[in-house]
Amino acid sequence: MKQGVLLTRPSVCLVPSTLPAAFIKANAQRLNIRTVYVLGNNLYGSYQKAFEDQQEIQIKQLPATTLLRLLKFACVLIGLKLTGKQLVFFHECCLPTLDVLIYFFRPHGLFVPHVKMDSWQQIPAAQFPKSSTFTLLQRLGLLGLFDLRTSPPVGELPREYAMVMRRYPSQIQQEEHQIVCDQRYSQTGLNSKNVLLLLGKSCCSDSQQIMLMNQIVEIGLPLGYRFYVKNHPNPLYRVEFQHSSVSEIDPLLPSEFIQQTFQLVIGVSSTGLLNYGARAISLVHLLNMSADDLNFCLQHYELTQPGHSIQFPQDWASLKQLIVTIVNTGLNLSAA
């Protein structure tokens with residue numbers, strides 16, 4: 001399906017993360033979006049902040065418990081069938097209960113995957129945790145609808161598992177999505193001397209991230225940089241970084257909606273780095289990761305936005321040179 005699908009009937013969004021927020025905001029009119037259902041209280045806060053200037057779009061929070069959420073999904077999909085409204089979903093976090101309901105109710109709508117799960121390893125059913133959802137789908141003979149995948153451990157968190165829907169019904173169109181760099185970061189001469197640290201758990205220990213970020217701050221402060229930290233919106237994935245000279249940005253605010261401009265944006269494996277073009281720096285090569293974990297992080301960026309411009313310094317010296325170059329020239333990194 002080519003990009004630019006136009007939905008003429010009102011639509012409802014279901015979102016499991018902040019990643020689609022900018023897309024929804026930019027395409028609300030084209031996709032006729034009236035209501036956005038979000039998972040979790042923190043996500044509700046993020047979307048409230050992001051859409052405070054678009055009061056015509058209702059932000060609603062889905063129930064916290066699995067059973068009540070399942071019933072809510074069913075009510076929403078039945079409502080769509082009865083009213084002729086359409087479903088828009090993004091689904092990078094994988095919601096098998098919603099997938100099964102879409103399979104049975106077959107609402108009309110649009111699927112826009114913001115993150116593909118191809119970089120996660122496919123595994124047999126015998127290696128997948130026997131959760132209540134897995135057991136139920138297995139007993140109902142519906143497990144064949146899904147690929148079973150796993151990721152490397154993220155920070156101190158255990159390995160993650162996901163059930164990925166193989167194919168949606170024909171009533172669901174698909175539109176490929178590519179993150180578009182904020183145009184403010186494609187220009188030269190951006191001399192704000194502000195640095196944004198995008199933090200979140202990755203395939204390394206939190207202590208490694210914290211130590212490296214502290215070193216960067218201590219190098220940048222004498223050069224006139226002002227540092228800001230934006231942590232992951234989900235408390236489970238936050239890195240507890242604190243520095244007396246670093247200002248904190250509300251972690252619930254999606255990074256795409258930060259009004260300040262930054263000369264550099266530094267992180268490890270945050271998807272948000274893709275919004276900042278060649279001014280974004282990933283530190284994956286400077287941290288103690290296995291070859292498989294490093295490849296997993298690099299693949300994540302390439303699958304999400306092929307041909308992206310994120311910088312990957314190979315060692316401490318090249319990272320320091322990148323920082324010094326920007327301070328001295330004020331040029332776009334790709335031109336420096």
**OP:** Check the pair Met117 / Leu303 against side-chain contact (heavy atoms from CB on, under 4.5 Å), numbers first and verdict last.
**Re:** CA-CA 9 Å; Met117 310 302 290; Leu303 288 170; over 6 Å; no
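- Between Ser247 and Val229 the shortest side-chain heavy-atom distance does not fall below 4.5 Å.
- Residues forming a side chain to side chain donor-acceptor pair (under 3.5 Å) with Gln61 (at least two apart in sequence, or on another chain): none.
- The heavy-atom pair separating Leu273 from Gly267 by the smallest distance is CD2-N, 3.8 Å.
- Side-chain N or O atoms of Glu175 include one that pairs as donor or acceptor with a backbone N or O of Val5 at under 3.5 Å.
- When the shell of 6.0 Å around CZ of Arg139 is examined, it contains 12 or fewer heavy atoms from other residues, nucleotides or ligands.
- A cation-pi geometry, defined here as NZ or CZ lying under 6.0 Å from the six-membered ring centre and within 45° of its normal, holds between Arg106 and Tyr103.
- Listed for the Arg159 side chain is a donor-acceptor partner under 3.5 Å among the backbone atoms of Ser151.
- Looking at Thr133 and Ser131, their side chains never bring a donor and an acceptor atom within 3.5 Å of each other.
- In this structure the side chain of Met289 reaches within 4.5 angstrom of the side chain of Val284, judged on heavy atoms.
- More than 12 heavy atoms of other residues, nucleotides or ligands sit less than 6.0 Å from atom CD of Gln127.
- Taking 4.5 Å as the limit, every side-chain heavy atom of Ile266 sits out of range of all side-chain heavy atoms of Leu196.
- Side chain of Arg166 to main chain of Gly144: a donor-acceptor pair is present (N/O by atom type, distance under 3.5 Å, no hydrogens or angles).
- The only option from Leu62, Val15, Leu14 that meets the side-chain contact (heavy atoms from CB on, under 4.5 Å) definition with Leu39 turns out to be Leu62.
- Annotation: salt bridge (Lys or Arg N to Asp or Glu O under 4.0 Å) contacts involving residues 44-65, sequence neighbours excluded, comprise Lys25-Asp53, Lys49-Asp250.
- A donor-acceptor pair under 3.5 Å is absent between the side-chain atoms of Asn231 and the main chain of Pro251, judged by distance alone.
- Residues Val268 and Gln209 come closest through the heavy atom pair CG2-OE1, 3.4 Å.
- Note: Phe296 and Trp120 have tilted aromatic rings, judged against thresholds of 30 and 60 degrees for the angle between ring planes.
- Taking the centre of each ring, Phe90 and Phe23 come in below the 6.0 Å mark.
- Here the closest heavy-atom approach between residue Ile281 and residue Pro313 is recorded as CG2-CD, 3.6 Å.
- A heavy-atom distance below 4.5 Å is not found between the side chains of Ile102 and Phe73.
- Under the 6.0 Å cut-off for aromatic ring centres, Phe89 and Tyr168 qualify, their centroids lying closer than that.
- Between Leu87 and Leu110 there is no side-chain heavy-atom pair separated by less than 4.5 Å.
- Among all heavy-atom pairs drawn from Lys81 and Pro107, the shortest one is CD-CA, 3.9 Å.
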**OP:** Please report the C-alpha distance between Tyr44 and Gln48 in whole Å, then the side-chain angles of each, then the deciding distance to 0.1 Å, and finally whether the side chain to side chain donor-acceptor pair (under 3.5 Å) criterion is met.
**Re:** CA-CA 6 Å; Tyr44 178 76; Gln48 285 281 73; 3.1 Å; yes
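- Remark: side-chain polar atoms of Ser46 are paired, donor with acceptor, to backbone N or O of Leu252 under 3.5 angstrom.
- No hydrogens or angles considered: a donor-acceptor pair under 3.5 Å links the side chains of Thr271 and His300.
- Although no hydrogens or angles enter the test, the distance criterion places a donor-acceptor pair under 3.5 Å between the side chain of Ser270 and the main chain of Gly272.
- When atom types are taken as modelled, the side chain of Arg149 and the backbone of Ala162 share no donor-acceptor pair closer than 3.5 angstrom.
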**OP:** Tell me, with the steps shown, if Ile219 and Trp316 meet side-chain contact (heavy atoms from CB on, under 4.5 Å).
**Re:** CA-CA 12 Å; Ile219 286 177; Trp316 182 256; 3.0 Å; yes
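- Sorted by first and then second residue, the side chain to side chain donor-acceptor pair (under 3.5 Å) pairs involving residues 234-243 (not counting sequence neighbours) are Glu160-Tyr237, Glu218-His243.
- In terms of heavy-atom proximity, Val239 sits nearest to Lys201 at CG2-N, 3.7 Å.
- Judged purely by atom type and a 3.5 angstrom limit, Asn27 has no side-chain atom pairing as donor or acceptor with the backbone of Arg30.
- Side-chain atoms of Ser11 come within 3.5 Å of backbone atoms of Asn32 as a donor-acceptor pair (strictly under, hydrogens ignored).
- Summarising the local packing, CZ of Phe134 is surrounded by more than 12 heavy atoms from other residues, nucleotides or ligands at distances under 6.0 Å.
- Here the side chain of Gln314 pairs a donor or acceptor atom with the backbone of Phe312 at under 3.5 angstrom.
- Side-chain contact of Asn194 with Gln260: a donor-acceptor pair under 3.5 Å is absent, judged by distance alone.
- Between Val217 and Phe241, the shortest heavy-atom distance links the atoms CG2-CZ, 4.3 Å.
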